[in-house]
A.B. asks: 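This is the structure I want to talk about, given as structure tokens.
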Amino acid sequence: MVHRPVRIVAGLAALVLAVAACSSSATTAPTAAPVTAAPVTAAPVTAAPATAAPVTAAPVTAAPATAAPAAMNATMIPKQINNPYFDVAYKGAQKAATDLGGTVTQVGPSAADATQQVPFIQTATTQGASAIIISADDATAVAPALQAAMGAGIKVVGYDSSPAVGAYNVFVNQADTAGIGKGLVQMACDLAPSCTGEIAVLSASQTATNQNAWIAAMQETMKDPKYKGLVWDGVVYGNDDPQVSTQQAQALLQAHPNLKVIVAPTTVGIVAAAQVVKQAGKTGKVFVTGLGTPKGMAEYVKGGQAPEFALWNVTDLGYLAYAVAQDLVNGTITGKEGETFTVKGLNNDQPYTIGKDSVVILGPPFVFNKDNIDKYVAEFGF
Ligand code: RAM
């Protein structure tokens with residue numbers, strides 16, 4: 001976990017910071033229907049058999065009336081298990097479990113597919129996990145299973161990609177949604193010659209709450225006359241699959257010979273796009289930006305394919321998600337708007353405040369370029 005104050009570099013910095021300061025909550029796709037609340041039959045949280053010692057059993061110190069809360073045991077369900085991004089978040093959650101107590105286990109599908117997430121939610125529910133920490137592949141598809149879990153007394157924390165409102169207790173957003181959208185457009189503007197020309201988006205899956213919210217925020221940003229020189233070529237989906245992302249990036253180059261920038265708001269897609277640009281001999285003609293890990297992108301920052309991109313501290317994201325789950329399990333927070341809590345080592349030890357739709361924001365993202373990439377690779381380790 002990195003404890004340093006967040007730093008953002010030059011041009012984009014002011015913008016991202018300014019926007020990040022605004023509150024968000026566009027996190028869940030606006031279409032995400034409010035899920036019909038399952039009867040929240042106050043969890044059969046098997047009230048730990050109040051080991052009230054038999055009165056006659058004369059030991060001097062009577063057992064404390066309030067039984068210690070059961071040990072926290074969380075199940076973490078990423079969009080998919082073979083995406084290095086989620087392994088980093090899992091490491092953060094494991095670190096939190098070591099620091100704060102309890103355990104966390106990651107399970108999930110090998111493809112970013114919500115229907116494949118559902119059985120993992122159901123299993124965690126029958127096994128009596130104390131919390132489920134999930135990055136949703138589809139906000140509504142996972143909602144009924146999550147609500148059933150909540151009905152059984154399990155605390156649900158969304159992280160990275162939000163389940164529908166009403167199907168989680170708290171959603172830990174990595175950064176302000178509108179801020180990310182603005183940042184993505186600004187980086188495309190920085191890279192397109194004189195902020196002019198065609199841009200296209202290479203996204204993750206078509207149902208991903210987070211990418212869809214960021215793309216919507218990008219389109220909103222593009223209305224600003226400042227970006228009138230940019231032409232929107234549309235969105236393609238690589239499903240956070242390296243092969244599909246590569247094919248989609250290649251198809252973009254073919255379909256749009258005048259393309260200037262590929263914006264990939266996915267750690268899998270951005271690497272694939274940068275590789276394709278390099279291999280196609282388009283370095284210096286087509287630029288790539290978006291959201292990527294410093295380690296995965298260092299080569300392309302230095303090679304000129306992706307001079308600028310952004311991300312947050314993914315380890316901290318996993319750490320925060322676990323800490324929130326534990327606070328919910330312990331009952332120190334309930335997920336209500338306005339509640340505050342502190343996580344030692346994060347946010348400069350200052351309190352986080354739960355916002356609208358029970359969303360907590362990790363903090364503003366970082367922008368990487370050739371001047372700072374090595375430092376961040378060393379500092380973040382991912
Ligand atoms: C991919 C996933 C994840 C997203 C990052 C930026 O790894 O789609 O959900 O937050 O990219």
Side-chain angles (χ1 to χ4, degrees), residues 16 24 26-29 76-93 106 108-114 116-117 133-139 142 157-163 171-177 179-181 183-184 187 201-218 235-242 244-245 248-249 262-274 288-297 306 309-318 320-321 359 361-368 376 380 382:
V16 176
S24 118
T27 352
T28 30
M76 194 163 195
I77 307 178
K79 279 180 171 175
Q80 60 189 132
I81 45 162
N82 51 355
N83 176 342
Y85 172 92
F86 291 107
D87 291 336
V88 176
Y90 181 37
K91 275 197 192 123
Q106 175 168 272
S110 51
D113 175 354
Q116 292 183 41
Q117 284 186 306
I133 303 171
I134 182 167
S135 170
D137 280 313
D138 179 312
V142 293
V157 174
Y159 76 110
D160 178 64
S161 182
S162 184
F171 173 59
V172 179
N173 199 357
Q174 43 265 60
D176 171 77
T177 300
I180 294 179
L184 291 170
M187 290 190 292
V201 174
L202 168 60
S203 189
S205 77
Q206 208 157 351
T207 57
T209 324
N210 52 345
Q211 272 88 15
N212 286 346
W214 297 330
I215 293 166
M218 283 182 75
V235 184
V236 296
Y237 300 92
N239 298 341
D240 272 345
D241 176 313
V244 181
S245 303
Q248 292 296 335
I262 299 176
V263 182
T266 130
T267 56
V268 178
I270 193 172
V271 173
V288 174
T289 189
L291 303 171
T293 62
K295 218 179 200 166
M297 291 302 292
F309 68 100
L311 200 70
W312 38 88
N313 187 326
V314 187
T315 313
D316 286 356
L317 176 66
L320 179 58
V359 175
I361 297 180
L362 175 69
F366 298 79
V367 175
F368 310 104
Y376 279 114
F380 285 0
F382 60 81

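Please read these numbers as outputs of a predicted model, since none were measured by experiment. In listed order, ligands and their atoms are each counted from 1.
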A.B. asks: Looking only at distances, can you tell me whether any N or O atom of Ser161, backbone or side chain, sits closer than 3.5 Å to an N or O atom of ligand 1?
C.D. replies: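 Ser161 vs ligand 1: no N/O contact under 3.5 Å.
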
A.B. asks: Any atoms of ligand 1 less than 4.0 Å from a non-hydrogen atom of Trp214? List them with their elements.
C.D. replies: 10 (O)

A.B. asks: List for me each residue that meets ring pair (Phe, Tyr, Trp, His ring centres under 6.0 Å) alongside Tyr237, sequence neighbours excluded, and say none if there are none.
C.D. replies: none

A.B. asks: Strictly under 4.0 Å, does any heavy atom of Asp240 approach an atom of ligand 1?
C.D. replies: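 For ligand 1, residue contact (heavy atoms, under 4.0 Å) with Asp240 is present.
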
A.B. asks: Of Tyr90, Phe380, Phe382, which is the lone residue that meets side-chain contact (heavy atoms from CB on, under 4.5 Å) with Val314?
C.D. replies: Phe382

A.B. asks: Counting only heavy atoms, which portion of Val268 has something under 4.0 Å from ligand 1: side chain, backbone, both, or neither?
C.D. replies: neither

A.B. asks: Going by the order shown, which atoms of ligand 1 are within less than 4.0 Å of some heavy atom of Phe86?
C.D. replies: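 Ligand 1 atoms under the 4.0 Å threshold to Phe86: 3 (C), 9 (O).
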
A.B. asks: Could you check if a side-chain atom of Pro84 sits within less than 4.5 angstrom of a side-chain atom of Thr293, using non-hydrogen atoms only?
C.D. replies: no

A.B. asks: Check each atom of ligand 1 against the heavy atoms of Gln174 and keep those under 4.0 Å away; list them by number with element.
C.D. replies: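 Answer, ordered by atom number: 10 (O).
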
A.B. asks: Please report the interatomic distance OG1(Thr289) to CD1(Ile270), rounded to the nearest 0.5 Å.
C.D. replies: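 Spacing of OG1 (Thr289) from CD1 (Ile270) equals 5.5 Å.
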
A.B. asks: Give the numbers and elements of all ligand 1 atoms closer than 4.0 Å to a heavy atom of Gln211.
C.D. replies: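 Every atom of ligand 1 under 4.0 Å from some heavy atom of Gln211: 2 (C), 4 (C), 8 (O), 11 (O).
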
A.B. asks: Numbering the atoms of ligand 1 from 1, which are under 4.0 Å from a heavy atom of Lys79?
C.D. replies: 2 (C), 3 (C), 8 (O), 9 (O)

A.B. asks: Could you list the atoms of ligand 1 found under 4.0 angstrom from a heavy atom of Asp160?
C.D. replies: 3 (C), 4 (C), 9 (O), 10 (O)

A.B. asks: Test your reading of the structure: does Ser135 have an N or O sitting under 3.5 Å from an N or O of ligand 1?
C.D. replies: no

A.B. asks: As a check for students: among Thr267, Val271, Asn210, identify the option with a heavy atom nearest to atom 6 (C) of ligand 1.
C.D. replies: Thr267

A.B. asks: Rounded at 0.5 Å granularity, tell me how far NZ in Lys79 sits from OH in Tyr85.
C.D. replies: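 Lys79 atom NZ to Tyr85 atom OH measures 8.0 Å (nearest 0.5 Å).
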
A.B. asks: Quick one: closest heavy-atom pair of Asn239 and Ser205, and the distance?
C.D. replies: OD1-CA, 3.6 Å

A.B. asks: Going by the rule side-chain hydrogen bond (donor to acceptor under 3.5 Å, both in side chains), which residues pair with Asp240 if we only count those two or more places apart in sequence or in a different chain?
C.D. replies: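 Residues passing side-chain hydrogen bond (donor to acceptor under 3.5 Å, both in side chains) with Asp240: Thr266.
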
A.B. asks: Say whether Tyr159 and ligand 1 are in contact under the criterion: heavy-atom distance to a ligand atom below 4.0 Å.
C.D. replies: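 No heavy atom of Tyr159 comes that close to ligand 1.
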
A.B. asks: Would you compute the distance between atom CG of Asp241 and atom CG of Asn82 and round it to the nearest 0.5 angstrom?
C.D. replies: 8.0 Å

